[in-house]
Amino acid sequence: MYPVHEVFDSFQGEGAFSGTPAFFIRLFGCPVQCPWCDAAGTWHPKFVPENIWRRSGADLAMLAEESGREYCIITGGEPCIHDLTELCYSLRYISMKSHLETSGAFPIKGEPDWITVSPKWAAKPMPQNLERSNEWKIIVEDEYSIDEWWKVLQPHHTSQPVWLQVEWSQRQNPKVWESIYAWTRRIQNGRVGLQAHKHWGAGQLVDTADARSREPVPLGGDDARGF
Ligand code: SF4
């Protein structure tokens, strides 16, 4: 049984599939605990929902099928702290593709159809996850972020798109944007990463399937609350 933070029907706001409608399964729990986490409801005591569902992979696949979407995004939290074999298999059984969003710091158990690795300093990605993944997403926290990350990541890069995505609280920092533009010239398949869902406030606008997902969680972190 998987601990489920929320399920909802929306659209992918990031990466290669940006703009495509999708069904989301957000699993509970994350030991990485980034200071600017935008999914703190999956792990931070102040934002954890009162009622954490537990559902089998087959039950979750049924909800995904009812959504009528072409594919399902498995996210978190850090979904790879769970064994995703049953969930991926259940989605494949109903002919629905599974897309995984992970920090890459934990072994990927299961066979998702698409893997996005977004590395985090608090728990660095495993080389085999970087090499197996379909795209990378670097969160750009300051003007030095990409340089520092690229020293770690470049040895594992083949041809994956590398999305350079500004950390939300830095979105009006010109130095960060200058570094993003500069690095799109240096990295093969380097691209400017956007978060369309945040720009349009989709979390507040889309009528989701899960009332628990309406809990407001501050974007860009909140020092006063310890994350
Ligand atoms: S890895 Fe993702 S879910 Fe976990 S703390 Fe970092 S941003 Fe939040």
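Every number for a ligand or one of its atoms is a count from 1 in the order of the listing.
- Screening residues 125-144 for salt bridge (Lys or Arg N to Asp or Glu O under 4.0 Å) gives Glu14-Lys137, Glu101-Lys137, Glu111-Arg132 as the qualifying pairs, with residues at least two apart or on separate chains.
- Closer than 2.8 Å to atom 4 (Fe) of ligand 1 sit the protein N, O or S atoms Cys30 SG.
- Heavy atoms from other residues, nucleotides or ligands lying under 6.0 Å from OH of Tyr89 number 12 at most.
- Under the 6.0 Å cut-off for aromatic ring centres, Phe17 and Trp114 qualify, their centroids lying closer than that.
- Pairs passing the side chain to side chain donor-acceptor pair (under 3.5 Å) check and including a residue from residues 64-77, sequence neighbours excluded, read Asp9-Arg69, Thr20-Tyr71.
- Residue pairs meeting the ring-ring contact (aromatic ring centres under 6.0 Å, His included) criterion with at least one member in residues 126-148, sequence neighbours excluded, are Trp136-His157.
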Practice problem: Give the intermediate values and the outcome of side-chain contact (heavy atoms from CB on, under 4.5 Å) for residues Val166 and Ile180. | Solution: CA-CA 8 Å; Val166 64; Ile180 289 174; 4.1 Å; yes
